[in-house]
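Counting starts at 1 for both ligands and their atoms, in listed order. Predicted model only: the values in this text are computed from it and were never measured.
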Amino acid sequence: MDCKSWGSRDIVFLCIIVLSLIHVSLGAKVRHFKWEVEYMYGAPDCQEHVVMGINGQFPGPTIRAKAGDTIVVDLTNKLHTEGVVIHWHGIRQLGTPWADGTASISQCAINPGETFEYRFKVDRPGTYFYHGHYGMQRSAGLYGSLIVDMADGEKEPFHYDAEFNLLLSDWWHKSVHEQEVGLSSNPFRWIGEPQSLLINGRGQYNCSLAAKFSNSSISQCKFEGNEKCAPQVLKVRPNKTYRLRIASTTALASLNLAIEGHKMVVVEADGNHVQPFAVNDLDIYSGESYSVLLKTDQNPYKNYWVSIGVRGRDPKTNQALTLLSYSATPASKLPTTQPPVTPRWDDYNHSKAFTKSIYALMGSPQPPKTYDRRIILLNTQNRLNGFVKWAINNVSLVLPSTPYLGSIKFGLNNAFDQKTPPDNYDSSYDIMKPAPNQNTTQGSGVYTITLNTTVDVILQNANALAKDVSEIHPWHLHGHDFWVLGYGEGKFKNGDEKTFNLKNPPLRNTAVIFPFGWTALRFVADNPGVWAFHCHIEPHLHMGMGVIFAQDAHRVGQIPKEALACGLTGNKQN
Ligand SMILES: *[C@@H]1O[C@H](CO)[C@@H](O)[C@H](O)[C@H]1NC(C)=O
Ligand SMILES: *[C@@H]1O[C@H](CO)[C@@H](O)[C@H](O)[C@H]1NC(C)=O
Ligand SMILES: *[C@@H]1O[C@H](CO)[C@@H](O)[C@H](O)[C@H]1NC(C)=O
Ligand SMILES: *[C@@H]1O[C@H](CO)[C@@H](O)[C@H](O)[C@H]1NC(C)=O
Ligand SMILES: *[C@@H]1O[C@H](CO)[C@@H](O)[C@H](O)[C@H]1NC(C)=O
Ligand SMILES: *[C@@H]1O[C@H](CO)[C@@H](O)[C@H](O)[C@H]1NC(C)=O
Ligand SMILES: *[C@@H]1O[C@H](CO)[C@@H](O)[C@H](O)[C@H]1NC(C)=O
Ligand SMILES: [Cu+2]
């Protein structure tokens with residue numbers, strides 16, 4: 001409808017009011033939040049430590065919105081001596097690249113005492129979360145849930161009666177500052193395995209220990225029930241369907257979740273609907289989210305364990321436990337059975353079988369049939385003057401002091417390395433062996449991606465520094481979803497694209513590479529900005545495991561000046 005064609009000025013005015021009322025009645029809202037980030041005392045696993053909190057809460061407050069809403073977060077930094085930013089994980093930031101919340105990439109870190117306004121649209125329903133993206137602040141506890149419901153009048157393609165939200169994380173007793181120093185020291189000091197796994201910020205150190213040896217672990221913790229670290233019991237009624245929203249913001253751990261006696265039907269992955277499939281247990285890597293449906297169709301005169309364990313690394317961390325408690329049974333009544341044992345940590349076949357069962361729901365967007373550019377990224381562990389690093393095509397990422405978004409927009413060529421990192425690696429490199437020459441280079445160069453092109457990324461895993469070791473890395477892309485076209489063993493070679501699934505590959509924002517294997521992704525570069533693509537394991541990113549995709553950043557307009565108030569862009573005006 002065009003108001004101008006209505007003639008008289010008053011009528012045009014009336015017409016505009018009517019149209020905007022119609023727009024408002026469609027339900028899209030602006031949701032305002034005022035947040036203060038600070039360090040505070042907490043006891044995530046019943047032992048007191050310093051955690052990062054928002055408005056005095058750990059984890060941070062859950063944001064709940066509807067598709068089409070605009071979220072406005074006024075984030076005030078109440079840390080005394082450190083900057084801060086928050087990344088909205090899984091939100092594509094279409095047209096708002098400066099709100100992506102990545103320090104040195106989309107914005108300057110917010111200084112102590114300052115406030116930054118994040119304003120962005122949540123255009124698509126799904127299970128998301130937010131977290132710190134400066135240094136290793138995510139490991140320090142800066143995270144929370146972001147749930148986007150269907151817009152009014154729209155329905156999910158599945159039914160459920162009620163839902164639970166499970167935000168999973170891992171927790172160390174050593175401070176993040178100490179962890180960072182260890183990772184950047186020579187000799188290198190690894191952070192080790194987490195002391196506890198947390199469900200919604202709650203874990204039980206030296207108490208779920210008992211789970212392995214006794215049948216009544218939680219009772220040995222002697223919870224009165226009101227402790228902040230006491231497990232949150234999932235209280236259910238019989239014969240109902242529950243949606244569990246499960247997201248992982250772990251710093252390191254790959255996880256597996258199982259619910260005693262109950263199957264789960266996977267229906268959502270990273271904010272996209274998938275073809276429903278039933279599982280006994282579910283793998284989830286850092287950066288991923290899932291929704292599963294659970295039917296309470298078991299004996300209601302009993303409670304059931306919900307158990308979460310570590311995958312992919314020799315686990316030294318106890319399972320996280322809570323209960324599925326039927327209304328006919330007191331929540332205090334513990335099962336007499338052992339909690340479900342998660343699959344063996346190195347049973348990669350089990351993980352691959354799960355990952356390969358994920359397909360897009362019929363009717364989901366399909367990938368373009370061909371690509372314009374293929375970038376093959378070799379993941380290696382290396383050394384640089386004795387320091388241990390992760391490198392991609394022999395470049396270990398270091399972030400510049402001036403954020404890329406501003407420096408590219410204003411053509412400040414001395415703000416970062418102008419040398420473009422390579423699109424491929426030397427084909428003679430043997431991915432099955434440690435590098436013959438362990439030395440790597442370091443850089444802040446970017447991959448310049450032409451707008452509206454289709455890009456294939458082949459993530460190639462390889463041997464780490466130690467012989468016969470290759471680790472799992474969950475790679476997360478900012479600003480886009482990608483189609484996961486396929487997985488393979490060994491080195492990706494010409495012809496392997498024949499195995500790609502172009503019919504119903506899942507759309508996701510995070511995908512894993514298995515040891516000594518490759519993973520193929522395809523995305524359309526349709527969002528001008530500067531976007532990080534990196535391993536979501538916090539210490540790995542800290543050690544350089546990431547790349548930067550710059551997409552027509554010189555065209556981006558209206559960058560808020562607070563996002564530019566550092567480094568070489570400090571004096572620039574839009
Ligand atoms: C674990 O808990 C027991 C009993 O409360 C206590 O005696 C022991 O010192 C604790 N161990 C650690 C490592 O905290
Ligand atoms: C714990 O389980 C063992 C068998 O695994 C059983 O013999 C014992 O009676 C159980 N204890 C309790 C307190 O339920
Ligand atoms: C659940 O449904 C089944 C089958 O419809 C019925 O036999 C059973 O009594 C129901 N249980 C409860 C607790 O309502
Ligand atoms: C995993 O699967 C591969 C290929 O199917 C098979 O060769 C191998 O034996 C399996 N490994 C284990 C530990 O089951
Ligand atoms: C690797 O770098 C170290 C300096 O850290 C140097 O001593 C050594 O010769 C280099 N090795 C090769 C093969 O270039
Ligand atoms: C990586 O870069 C280092 C330093 O320039 C060099 O010594 C090494 O041979 C390179 N490795 C590969 C696999 O290209
Ligand atoms: C990119 O695609 C969009 C949508 O199809 C179109 O509006 C825009 O003009 C294109 N931009 C370029 C540079 O091709
Ligand atoms: Cu990694």
Side-chain angles (χ1 to χ4, degrees), residues 92 94-95 136 138-139 170 179 183 190-191 193-194 248-255 283 285-288 310-313 343-357 365 368 372-373 377-382 388-393 395-397 440 448-455 457 459-466 468-477 479-480 487-490 499 510-519 523-529 532-547 550-557:
R92 289 166 297 172
L94 297 169
M136 286 175 47
R138 176 160 59 92
S139 298
D170 45 7
Q179 294 179 37
L183 294 169
W190 176 238
I191 62 168
E193 298 299 313
S248 173
T249 182
T250 55
L252 175 66
S254 303
L255 301 174
D283 276 344
Y285 302 96
S286 180
E288 294 186 333
V310 173
R311 307 279 287 136
R313 309 181 67 88
R344 244 189 85 90
W345 69 272
D346 57 353
D347 183 356
Y348 293 110
N349 285 359
H350 187 89
S351 304
K352 289 174 191 172
F354 172 76
T355 305
K356 291 176 186 174
S357 320
D372 300 308
R373 177 171 175 188
L377 300 176
L378 175 70
N379 291 229
T380 53
Q381 196 181 28
N382 301 83
V388 180
K389 298 287 174 193
W390 287 95
I392 306 305
N393 291 353
V395 181
S396 184
L397 180 66
T440 187
T448 302
I449 311 278
T450 309
L451 195 64
N452 290 353
T453 56
T454 299
V455 180
V457 175
L459 288 164
Q460 178 66 60
N461 211 341
N463 199 106
L465 283 170
D468 298 326
V469 173
S470 182
E471 294 181 25
I472 281 187
H473 305 283
W475 277 77
H476 170 64
L477 178 60
H480 309 75
Y487 300 86
E489 308 289 328
T499 65
T510 305
V512 75
I513 42 172
F514 291 108
F516 300 108
W518 55 262
T519 299
F523 70 94
V524 176
D526 55 2
N527 193 9
F533 179 47
H534 62 91
C535 176
H536 211 258
I537 291 178
E538 192 85 315
H540 288 183
L541 175 58
H542 187 78
M543 294 159 73
M545 199 166 206
V547 297
Q551 241 175 71
D552 277 45
H554 54 280
R555 292 176 190 237
V556 168

If you look at every heavy atom in [X] and [Y], which pair is closest and at what distance?
{"X": "Asp170", "Y": "Ala251", "answer": "OD1-N, 2.6 Å"}
{"X": "Phe533", "Y": "Leu377", "answer": "CE2-CD1, 3.8 Å"}
{"X": "Leu183", "Y": "Met136", "answer": "CD1-SD, 3.7 Å"}

Inset, instruction - Using the ring of Phe514 (Phe, Tyr or Trp, six-membered ring only), decide whether Lys352 places NZ or CZ under 6.0 Å from its centre and within 45 degrees of its axis. - result: yes

Legend entry - Sub-4.5 Å side-chain heavy-atom contact between Leu252 and Arg313: yes

Legend entry - Environment of the Cu ion (ligand 8) in terms of protein N/O/S atoms, cut-off under 2.8 Å: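 Near the Cu ion (ligand 8), below 2.8 Å, one finds His473 ND1, Cys535 SG, His540 ND1.
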
Extract all N/O-N/O pairs under 3.5 Å that connect ligand 7 to the protein, and present each with both atom names and the distance rounded to 0.1 Å.
residue	atom	partner	partner atom	Å
ligand 7	2 (O)	Asn452	OD1	3.1
ligand 7	2 (O)	Asn452	ND2	2.3
ligand 7	11 (N)	Asn452	ND2	3.0
ligand 7	14 (O)	Asn452	ND2	3.0

Inset, instruction - Kindly write out the residues that satisfy side chain to side chain contact (heavy atoms under 4.5 Å, CB included) with Leu541, not counting sequence neighbours, or none if the list is empty. - result: His133, His534

Inset, instruction - Without swapping roles, check the side chain of Asn461 against the backbone of Ser470 for a donor-acceptor pair under 3.5 Å. - result: no

Legend entry - Which residues share a ring pair (Phe, Tyr, Trp, His ring centres under 6.0 Å) with Trp390, sequence neighbours left out: His473, His540

Legend entry - Exercise: do Arg311 and Ser351 side chains pair donor with acceptor under 3.5 Å: yes

